[in-house]
Amino acid sequence: MLPTIAWKNDKVLMIDQRKLPGEEVFVECSSYICVAEAIEKMVIRGAPAIGVAAAFGVALGVFGLKKDQGLEQEFDRIYQRLEKTRPTAVNLFWALERMKKVFLANSAEGLSRLKQRLLDEAKNIEREDVEANKMIGYWGKDLFQDGETVLTHCNAGALATAGYGTALGVIRAVFESGKKITVYADETRPFLQGARLTCWELVRENIPVVLITDNMSGYLMKKGEISAVITGADRITRNGDAANKIGTYSVAVLAREHGIPFYIAAPMSTVDFELQDGDQIPIEERSPDEVRKISGLCLTIENVEVRNPAFDVTPAEYISAIITEKGVARPPFKSSLAELRMDLQD
Ligand code: MRU
């Protein structure tokens with residue numbers, strides 16, 4: 001399986017996603033600050049993957065502590081640093097909350113026991129994420145017939161998770177079931193997760209993939225060359241609105257116009273039941289240089305004004321189904337997601 005992130009010898013190893021597909025190099029972190037910076041700088045990205053990274057970051061932070069005194073303040077410092085890395089993907093906050101619960105339940109038991117408990121929890125989050133993705137694949141694969149051509153946007157693959165992927169997990173499961181499937185990968189400007197990461201993942205597993213630029217999908221849909229769209233999500237609100245990589249909304253509108261199903265694949269940890277609708281999701285704005293430059297090369301006037309929202313929100317009415325590890329939610333999502341959530345609590 002693809003090595004997105006791993007805990008090894010009291011360090012966190014992450015494949016450097018900024019360098020793919022050209023170089024397969026790993027960043028090694030021995031402090032939580034290093035993990036926080038890796039999330040900010042996109043060494044690791046993708047909603048579930050940054051949740052796992054944050055959890056390991058907390059463990060690493062506490063591993064760095066030497067004395068039992070002032071544990072709570074130290075923990076808060078670690079938590080707050082990791083919490084402010086990226087605002088949109090709710091998995092980050094979900095994972096931090098899980099770590100906090102374990103901290104609170106074990107902080108009186110002494111530092112060495114606490115370290116072990118936190119590391120165990122981070123490993124649980126990692127393992128459960130892979131299991132959830134396999135289940136998303138299991139539920140999602142029956143939505144696709146033999147011979148489909150499926151568009152995806154950004155990278156919701158093994159690299160964006162602890163392994164296997166969400167949207168690409170469904171595609172992997174369809175492929176593994178013996179059905180023919182061809183993936184159209186949007187290049188996904190400005191960070192090129194589709195061109196660099198989705199293509200890299202699929203090519204190395206011999207899953208047929210065709211790279212297109214972000215402005216080609218309407219043409220291909222009109223010509224009948226795309227039969228379905230599937231993407232991941234960074235945060236889904238209780239009514240089914242879904243934030244994902246910038247450009248997802250445009251693809252969803254095009255899919256609706258052409259009568260093509262638009263699916264979201266995401267674990268239940270991506271559903272934020274605290275938020276009523278997508279207007280409440282904080283949207284990250286990233287550096288203008290990500291738009292002005294590619295690989296350090298300036299494409300435009302050096303100081304031209306830029307907007308760089310990293311995500312957009314696809315309203316629930318454009319989404320045909322949300323595929324989770326608990327099953328497939330259909331509209332109206334308010335009730336279908338709530339039902340799956342009850343399942344989760346059983
Ligand atoms: O900015 P990124 O690369 O972290 O954005 C990632 C996405 O938008 C993914 O589609 C989403 O996190 C789902 S990953 C399974």
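Order of appearance sets the numbers: ligands from 1, and atoms from 1 within every ligand. Numbers for residues simply follow the sequence, beginning at 1.
Note that Arg256 lies in the cation-pi zone of Tyr318, set by a 6.0 Å cut-off to the ring centre and a 45° limit from the axis. For the pair Lys141 and Tyr138, the cation sits on the ring face: its NZ or CZ lies under 6.0 Å from the ring centre, inside 45° of the axis.
Residue pairs meeting the disulfide (SG to SG under 2.5 Å) criterion with at least one partner in residues 120-158, sequence neighbours excluded, are absent.
Side-chain contact between Val251 and Leu151: present, with at least one pair of heavy atoms (C-beta onward) separated by less than 4.5 Å. Within the 4.5 Å cutoff, no side-chain heavy atoms of Trp7 are placed close to those of Glu126.
Within the structure, ligand 1 has Pro48 among the residues with a heavy atom less than 4.0 angstrom away. For the ligand labelled ligand 1, residue Glu284 lies outside the 4.0 Å heavy-atom shell. Between Phe311 and ligand 1 there is a heavy-atom distance shorter than 4.0 Å. Residue contacts with ligand 1: Cys154 is included, with a non-hydrogen atom under 4.0 Å away. Not close to ligand 1: Thr231, with no non-hydrogen atom less than 4.0 angstrom away.
Residue Ala47 has at least one N or O atom closer than 3.5 Å to an N or O atom of ligand 1. Remark: ligand 1 and Thr166 share no N or O pair separated by less than 3.5 Å (distance only, no angle test). Between His153 and ligand 1, no pair of N/O atoms sits closer than 3.5 Å. On a distance-only criterion, Gly232 and ligand 1 share no N/O pair closer than 3.5 Å. Among the atoms of Thr161, none of the N or O lies under 3.5 angstrom from an N or O of ligand 1.
Among all non-hydrogen protein atoms, the one lying nearest atom 5 (O) of ligand 1 is Lys245 CE, 3.3 Å. Taking atom 4 (O) of ligand 1 as the reference point, the nearest protein heavy-atom neighbour is Arg86 NH1, 2.8 Å. Looking from atom 10 (O) of ligand 1 to the surrounding protein, the closest heavy atom is Asn244 OD1, 2.6 Å. With respect to atom 14 (S) of ligand 1, the closest heavy atom belonging to the protein is Ala160 CB, 3.4 Å.
The Asp234 neighbourhood of ligand 1 comprises atoms 7 (C), 8 (O), 9 (C), 11 (C), 12 (O), with distances under 4.0 Å to a heavy atom of that residue. For ligand 1, the atoms lying closer than 4.0 Å to a non-hydrogen atom of Met42 are 1 (O), 3 (O). Atoms of ligand 1 found under 4.0 Å from any heavy atom of Ala156 (numbered from 1 in listed order, with element): 14 (S), 15 (C). Listed by number with element, the atoms of ligand 1 under 4.0 Å from a non-hydrogen atom of Gln193 are 1 (O), 2 (P), 3 (O).
Residue Glu40 forms a salt bridge (charged side-chain N to carboxylate O under 4.0 Å, His left out) with just one option from Arg86, Arg286, Arg81, and that option is Arg81. Checking Arg196, Arg45, Gln193 one by one against Gln17, the side chain to side chain donor-acceptor pair (under 3.5 Å) holds for a single residue, Arg45. The only option from Asp272, Asp241, Asp277 that meets the salt bridge (charged side-chain N to carboxylate O under 4.0 Å, His left out) definition with Arg235 turns out to be Asp272.
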Walk me through whether Glu74 and Tyr79 qualify under side-chain hydrogen bond (donor to acceptor under 3.5 Å, both in side chains).
CA-CA 9 Å; Glu74 293 295 340; Tyr79 186 105; over 6 Å; no
Exercise. Please assess Arg292 against Glu302 for the test salt bridge (charged side-chain N to carboxylate O under 4.0 Å, His left out), listing each intermediate value before the final yes or no.
Key: CA-CA 7 Å; Arg292 294 189 193 116; Glu302 222 157 89; over 6 Å; no
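The pair Lys101-Glu97 does not count as a salt bridge, with every side-chain nitrogen at least 4.0 angstrom from each carboxylate oxygen.
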